[in-house]
Structure formats: C-alpha cells, structure tokens
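Beneath this line is the structure, given in structure tokens, with notes to follow.
Ligands are counted one by one from 1 in listed order, and the atoms in each one are counted from 1 as well. Only this structure's heavy atoms are used, side chains among them; waters, hydrogens and symmetry mates stay out. The chain is numbered in sequence order, starting from 1.
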Amino acid sequence: MKRKRIVAFLMASLFVAGTATAQNPVIRDQFSADPTARVFNGKVYVFPSHDIPTPPEKPGRKDWFCMEDYHVFSSENLTEWTDHGMIVSQNKVPWVDSTSYSMWAPDCIGRNGKFYFYFPANTNVAGPNGRKGFGIGVAVADSPEGPYIPQPKQIEGIHGIDPNVLIDKDGQVYIYWSMGNIYVAKLKDNMLELDSEPLVIDNLPAKGLKEGPFTFERNGIYYLTFPHVENNTERLEYAIGNNPMGPFKMTGVIMDESPTDCWTNHQSIIEYNNQWYLFYHHNDYSPNFDKNRSVRIDSLFFNADGTIQKVMPTLRGVGLTKATEQIQIDRYSAKSEGTEIAFLDSANTFAGWKTILPEKGDWIQYNAVDFGSQKYKLLKIRVQSMAETQLLVRLGEQNGEVIAKIDVPAGADWTKIDSPLVSQISGINKLFVSLNGNNPAEIDWIQFEP
Ligand code: FUB
C-alpha cells in the first residue's frame, strides 16, 4: 500500500518534470560544449562545439579553446544519444583558417526540407571590413544528420561568433550573433545572406562580456537568452520583448555562475514532449581545465507570467533510468554531507565516477528508476571496500522499505556482487543506498536483474 503511494507520487512528479531522461553530462566519450538543441522530425538533435585537448601542432596559445570540427547527436528519449559523426571540419571549409581550431558555438535550423548549419570560425581571408578574425558560415544538408555541404564563403556582413537563427511565425528569418555586443539582422529566404543591416540589441548589460545568443518564442513573448559575466564567470541571463528585433527588456537569470569556476556557460532551450529543457555545459570531465567542457540537460519551468524559473544544475539530469541498466548513482538526486563523488580513474575521466560512503549512515539517493512491471530477482553491484561492511538499498527515502542487504567482503579490488532482492519492486521509484556497516565502501554502479 505504502509502495503504491510512493509510486503514484513519483509518477505525478514525473508528469510535472517530463518523461525524457538523461544523466549529466549526456555525452560521455568526448568533450562537447555550447549545445544547440533542436527538435527535428520528432527527435532531439544536439549541435555542440567539440572541444579537444590542444594538439602540439596548433599554433598560438595552448591553454585556450581548441575545436577543429563538429559532430551532431540525436536522441528520442534524451538518455540514449547517437553520435552521427563529424559533420563539418576546419579542413573542409574554403573560407576557414584550417590551423585556427576555432570552430566555436554553432546552430542549425530546418527550413523547407533543408537543414542549415551555422558556425563561426577564424577566416583565412579578410572579411568585408578588411579584417580577418571570426566570420560565420553555413553548411547545408538534406537531413539533420548530414552530409552537410559548406558554402564556399562566409556570410557577408557578419564579423562575430555564436550564430543563432530564429524563424518567426510569419516566416521571416533572423540571425543573431555576438562580438562584444549582441547583434541581429534579417536573413534572406535563401538562408545564406543578410537582408538588413546588422543592429546592436540595446538595453542589455553594458558591463561584462555577453555572448552566445539563443532566441525562441513562446506565447507571443520573444526570449533572448545569453551568457553574461556579471561578476566573475558567465551566468545565463535573459531579456524578453514582443518583436524578434527588440526592444528587449532584461528580465532575469536562468542559471547562476558555475560554483566551480567553469568560466563559460552556453545555453539553448527547447520544448520536447510537453516539457521544456535547458541545454548547457560544464567542465565535468575536465575539472582542471575549463576549456574542455561537457553538455548537460536540466528541466526548465516557466511562471504563469512567462518569466523563467531559475534552473539549478543537477548531476541527475532529467527523466527515467531503466532498472536493468547500470545505474550510475554518483549522478545523484540527493546525498548526505559526508558522501563523496570521485573519478574512477583521474587519468581517464571518461571512465566516469564512483560514490564513496565514508561513514555508517552516509547515503545517496537516485530518482526516477523505471522497473516497469516485470519481476526482479537480483540486485547487482560493483563495489569495493578494504574491510567487511554492509550496504542497504531502500525504496524512496531514509526510512523506505529495504529491498536489498549487501554484505561487502574485504578486498583491495573492485568486485561484483549479486544480492537477492528481499522485496519485489515495480513502476518508477527513487533508490536510497546507505552504509550500514562500520567500514567505508565505494560504489561504481547498481543494476537490477529479472
Ligand atoms: O566555445 C567557445 C566559446 O565559448 C563560445 O563560442 C562561447 O559562447 C563560449 O561558450
């Protein structure tokens, strides 16, 4: 009876929070930054920048952004992401300086069956104003996954980074970009040329870097979102207006500065299956070098008046995790103060993280695990403890029903233990894992087996 109530409660909260799913960061085998998410043909596509460690042959600063190409990723459930591979490279674009590794934040938009990928990079020829520096180009494809054919020249009239394109309800197309200020201009129907003089968007903060515009329209309100350095590092802010070209009025902060000093952040916002999501980045896999970043997703909510509620960054991300998958509880929803998270292998951060429960009573909670309606026999766990100890896995909270008692043997190496379930589970549940023994334990993942 009690379990039914918990399941009903969780089903209700999931309805509010949406049903898609992901742990943060969502791309786990390479760095990814500046995510522009788009919904095409019922799927979510993410067009991020692709940070890489600086190769020795790169001229100039070694401790700076280094990006030589772009990949596109897609997902139907926001958990399982397919990498469709490299779509545009600095070596294949005639106007790009192929030694510059400067393929910064992109965007992609679909129109009349074609997909237009907009990207900034350092030019190898002087732009319209006689200067080199950043231009913005377009690559065109028949499918969101590509192949994309780069246009031979950059867009004339733009000197800047971080392109963003908005197609208004009346079909007019606008392009936004940044270079100190945030600019807007109309795009011609061909999506490749400006159709008006660039305008500086005013009434935005005058002090502190602004970049990364991302615009969208909801219920007649145009939202101009952008990262801005109000204090030390970038936070995500927004302004609203009733016209794509402004005027816009500064309205609020979507996400505060990184608590660990990742200097950049960069956002996009989409609605997918009746839930709004914020895509952003953080240097999860590279805590000591904030130019190697990773894409994250969290749910975003509006107030009744159209203002945006501040998004608290989470590791848990959004949605459901299947009980039969390896559940990385280090991407937790909540934890006790003493519980620690650390890399499994600090020399290979892409191997992921582990949970460390140092003292009896320490715990970690992971929400929205989907057990479906099948019966389960075992809980599997990858665990390590130097001395014998015991873990308890409960449903829900600290006082929830115990579903497994795991006796962990002493050993210097990781071990996998199969523990019989002492109670059946179905539906969607929070898991609560706590240390019940007197010796610390480290956990890589847990998994349920029918
Ligand atoms: O990724 C390089 C630059 O960092 C982007 O273009 C900016 O928006 C910032 O995220």
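- Among all non-hydrogen protein atoms, the one lying nearest atom 6 (O) of ligand 1 is D162 OD1, 2.4 Å.
- Protein heavy atom closest to atom 9 (C) of ligand 1, with residue, atom name and distance, is E211 OE2, 3.5 Å.
- The shortest N or O to N or O distance between H266 and ligand 1 is below 3.5 Å.
- Using cut-offs of 30° and 60° for the angle between ring planes, the F47 and F117 rings count as tilted.
- Aromatic pair Y366/W445: centroids not less than 6.0 angstrom apart.
- Note on E80 versus K322: salt bridge recorded, some NZ/NE/NH1/NH2 to OD/OE distance being below 4.0 Å.
- Considering only non-hydrogen protein atoms, atom 10 (O) of ligand 1 sits nearest to D34 OD1, 2.7 Å.
- A centroid separation of 6.0 Å or more is found between the aromatic rings of Y148 and Y116.
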Just do the ring-ring contact (aromatic ring centres under 6.0 Å, His included) check on F216 and Y222 with the steps written out, would you? CA-CA 6 Å; F216 64 98; Y222 293 85; 9.7 Å; no

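- Aromatic pair F448/F371: centroids less than 6.0 angstrom apart.
- Protein heavy atom nearest atom 3 (C) of ligand 1, with residue, atom name and distance: W104 CE3, 3.7 Å.
- At least one heavy atom of H281 lies less than 4.0 angstrom from ligand 1.
- Residue, atom and distance of the protein heavy atom nearest to atom 4 (O) of ligand 1 are R293 NH1, 3.3 Å.
- Within the structure, the closest approach of M67 to ligand 1 falls below 4.0 Å when heavy atoms are considered.
- Residue-ligand proximity, F65 to ligand 1, at heavy-atom distances under 4.0 Å covers atoms 2 (C), 4 (O).
- Distance alone, capped at 3.5 Å, places no donor-acceptor pair between the Q154 side chain and the V138 backbone.
- Heavy atoms of M103 found under 4.0 angstrom from ligand 1: none, in either backbone or side chain.
- Ligand 1 places these atoms under 4.0 Å from at least one heavy atom of A105: 6 (O).
- Ion pairing of D298 with R316 is absent here, as no side-chain N (NZ or NE/NH1/NH2) approaches a carboxylate O to less than 4.0 Å.
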